[in-house]
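Here is the structure we will look at, set down as structure tokens.
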Amino acid sequence: MDEKSELLRKREEKMKALQDMGVELYPNDAKVTATTKSVIDRFGDMDNEDLTGIEEKFTLAGRLMAVRNFGKAAFVSIQDREGRIQGYIARDKVGKDAYSIFKKFDVGDIVFISGGLVKTKTGELTVDADNVRLLSKAIRPLPEKWHGLTDVEARYRQRPVDLIMNPGVKEVFYTRSRVIKLIRDFMQDRDFLEVETPMMHPMAGGAVARPFKTYHNTLDMDLYLRIAPELYLKRLIVGGLDRVFEINRNFRNEGVSTSHNPEFTMMEFYQAYATYEDLIVMTEEMITSVATEILGSLQIEYQGIKLDLARPWQRLTVKEAILKHSDATPDILEDQAKAAKYARVLGLAVEDDEPLGKIIVAIFEEVAEARLIQPTFVTSYPIEVSPLSRKSAGDGGFTDRFELYIYGRELANAFSELNDPEDQRNRFAMQLKEREAGDKEAHEMDEDYISALEYGMPPTAGEGIGIDRLVMLFTNSPSIRDVILFPHMRAKRDVRL
RNA sequence: GGGCCGUUAGCUCAGUUCGGUAGAGCAGUUGACUUUUAAUCAAUUGGUCACCGGUUCAAAUCCGGUACGGCCCA
């Protein structure tokens, strides 16, 4: 049953042959002193005359990506984390024995090469090898050199191969790392403290979403992977830390799509004595400064659409966004029955007693969300969908909250925090009623959190920014799976086993 | 959840309309070749056509189902 392909069997025969020649297949004594890029940066512009004056030897290592064989000499292409460099392996130079060992190398092997530098007659900087060695034998063959690995499913399931074959993938994750560093620096420069709060919660709170459930044996209790760190970060505000942030994973037991992964990375932060309006300004500053660093411009292109990140960004209330992008009239958004009727015309499923605020948000998502292409802060969310947000001073049916949309995708969610414990208890009670009515996403009553609020939380504003979606924007990636190294896929049953 | 499309050699893909011995390029193997870069030239190996079932003298191809993936919609 364990039929190996002929390719693999041939490789194993080669490995045996190498071992018979006394070659160690996985040695660990190589000293590497240079990278492809460092060598090319320093010497790429020199001509052969300059290069012959250089006594220095260079030792590099990397994956053998191509071999062009000429009998008693060969050109090889070696790839390390920064790029590729050509090597020239001549039998006269490396010696007869080393050369016959080299002839048993395969594309895909990890190799070591050392030597001086020359320019070939086609002008390519080349390591003129005086030594070449095997560092790790590859048993499996790499994909084809020209087309590489293009099958999307194979790329996600075999990310190592994807990273070897597709240089753009590596770029995306270098950019991702830079984006996170820039955000971390931005926050720390503003005196925010980076913290880590629990990933396992006794109760899934801080967002409206379905959780993953797990179980702790010794404590004999159910735990939930967090859907948001919000309630813990706000406890730290109660504790007087005043400015905190956390960059970490959230887990939501929901659908998978080009913009949803079950686990995703969020930067969430809380600032005492600030309002959601302060956070609008801060969000603009943060994202434009990251964009300037990463892309060098605020005029960016994403999936063929030009996006103008120049400040200030558009602001619309939820209701304004609906009126702008539909034929709804203002009176429809003031009356539950009219709103329900309008929603049903749009094809939305609405209960007869559905609260007006929920209907408004459903209409917003249907008619406006996808059309918010240029950066837009949507404000004034209904209280029914904002159980943790402060009521707006003028209108108790709405809250001091915004969501940021770019390219029709939610990138951030922020609000002035509800810090009145009694109001918070009432909001949780409202949510409980929704839950009893069948809304599995509704928030639960969290007495422990309310008791924290009862110690007094300063007026505070907080925000969560979706890091994966931000990285998608800055790397022009069409799918969230392109910016997550190991995105979740359905288990593939191998029926051959 | 719904619709459409895809799954054939290690990789990239033809072949499916209209059923009749499973193909190419690259990779691999053998030979030639000391400045090539998708090296070249000659020869050559390699397949559970995703899986299960049905129709048929005969199925990669037609029909039904399943799995996985992609795109669009909700």
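Below, read A as the first sequence line, B as the second, and so on, with proteins coming before strands; counting in each chain starts at 1.
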Checklist entry - If we take the P atom in both B:G20 and B:G15, what is their distance in whole Å? => result 14 Å

Item to check | Whole-Å P distance, B:C52 and B:G46 | outcome: 23 Å

Next on the checklist: Tell me whether A:Ser297 contacts the main-chain N or O of A:Gln299 through its side chain, where contact means a donor paired with an acceptor under 3.5 Å.
Outcome noted: yes

Checklist entry - Taking atom CZ of A:Arg11 and atom CZ of A:Arg140, what is their separation to the nearest 0.5 Å? => result 11.0 Å

Next on the checklist: On RNA chain B, compare the nucleotides closest to A:Val107 and A:Pro143; which residue's is nearer the 5' end?
Outcome noted: A:Pro143

Checklist entry - Of the nucleotides B:U29, B:U36, B:A27, which has the atom closest to the A:Lys145 side chain? => result B:A27

Checklist entry - Quantified in whole Å, what is the P atom distance between nucleotide B:U48 and nucleotide B:U40? => result 29 Å

Checklist entry - Distance check: side-chain N/O of A:Lys10 vs OP1/OP2 of B:G46, anything under 4.0 Å? => result no

Item to check | A:Phe105 and A:Phe102 aromatic ring geometry - parallel, tilted or perpendicular at 30°/60° bounds | outcome: perpendicular

Checklist outcome for this item: Any strand, both distances under 3.5 Å, Watson-Crick or G-U wobble: B:C13 pairs with B:G23

Checklist entry - To the nearest angstrom, how far is A:Lys93 atom NZ from B:U35 atom P? => result 15 Å

Checklist entry - For A:Tyr88 and B:A39, what is the distance between atoms OH and P respectively, to the nearest whole Å? => result 16 Å

Checklist entry - With rounding to whole Å, what would you report as the distance between B:C57 and B:G19 at their C1' atoms? => result 12 Å

Item to check | Exam field: side chain A:Ser257 to backbone A:Ser259, donor-acceptor pair closer than 3.5 Å | outcome: yes

Checklist entry - Is it true that a side-chain atom of A:Asp109 and a backbone atom of A:Ala138 form a donor plus acceptor pair closer than 3.5 Å? => result yes

Checklist entry - Distance between the C1' atoms of B:A24 and B:A9, in whole angstroms? => result 11 Å

Next on the checklist: Would you call the rings of A:Tyr276 and A:Phe402 parallel, tilted or perpendicular, taking 30° and 60° as the class edges?
Outcome noted: tilted

Item to check | Whichever of A:Thr120 and A:Val67 has its nearest RNA chain B nucleotide further upstream toward 5' | outcome: A:Thr120

Item to check | Spacing of A:Asn69 atom CG relative to B:U34 atom C1', expressed in whole Å | outcome: 10 Å

Item to check | Nearest-angstrom distance, P atom, B:C41 to B:A27 | outcome: 11 Å

Checklist entry - Taking any strand in view, what nucleotide pairs with B:G1 in a Watson-Crick or G-U wobble way, both distances under 3.5 Å? => result B:C73

Item to check | Separation of B:U35 P from A:Lys72 NZ (nearest whole Å) | outcome: 11 Å

Item to check | Separation between CG of A:Asp50 and CG of A:Leu117, rounded to the nearest 0.5 Å | outcome: 12.0 Å

Item to check | Interatomic distance where CD1 belongs to A:Ile164 and C1' belongs to B:C11 [whole Å] | outcome: 13 Å

Next on the checklist: I need the single residue from A:Val318, A:Ile322, A:Thr317 that forms a side chain to side chain contact (heavy atoms under 4.5 Å, CB included) with A:Glu320. Which is it?
Outcome noted: A:Thr317

Checklist entry - Is B:G46 paired to anything, Watson-Crick or G-U wobble with both distances less than 3.5 Å, and if yes, which nucleotide? => result none

Checklist entry - Expressed as a whole number of Å, how far does the P atom of B:A50 sit from that of B:G31? => result 36 Å

Checklist entry - In Watson-Crick or G-U wobble terms, both distances under 3.5 Å, what is the partner of B:U35? => result none

Checklist outcome for this item: Using Watson-Crick geometry (N1-N3 plus N6-O4 or O6-N4) or G-U wobble (N1-O2, O6-N3), each under 3.5 Å, B:C68 is paired with B:G6

Next on the checklist: Please determine whether a side-chain nitrogen or oxygen atom of A:Lys121 lies at a distance below 4.0 Å from atom OP1 or OP2 of B:U36.
Outcome noted: yes

Item to check | Below 4.0 Å: OP1/OP2 of B:U36 and any side-chain N or O of A:Arg68 | outcome: no

Checklist entry - To the nearest angstrom, how far is A:Glu144 atom CD from B:G25 atom P? => result 12 Å

Checklist entry - Looking only at side-chain N and O atoms, does A:Thr150 come under 4.0 Å of OP1 or OP2 in B:U12? => result yes

Item to check | Nucleotide-resolved protein contact map, nucleotides 69-74 of chain B, B/S/- at heavy-atom distance under 4.0 Å | outcome: SSS--S

Checklist entry - With a non-hydrogen cut-off below 4.0 angstrom, is A:Lys119 in contact with a base, only sugar-phosphate, or nothing? => result nothing

Checklist entry - Which value, in whole Å, describes the distance between the P atoms of nucleotides B:A32 and B:C71? => result 49 Å

Checklist entry - Is A:Phe75 stacked on the base of B:U36, meaning ring centres closer than 5.5 Å and planes within 30 degrees of each other? => result yes

Checklist entry - Rounded to whole angstroms, how far apart are CD on A:Gln86 and C1' on B:U36? => result 7 Å

Next on the checklist: Suppose the criterion is salt bridge (charged side-chain N to carboxylate O under 4.0 Å, His left out): which pairs have a residue in residues 54-79 of chain A, not counting sequence neighbours?
Outcome noted: A:Arg42-A:Glu56, A:Lys57-A:Asp130

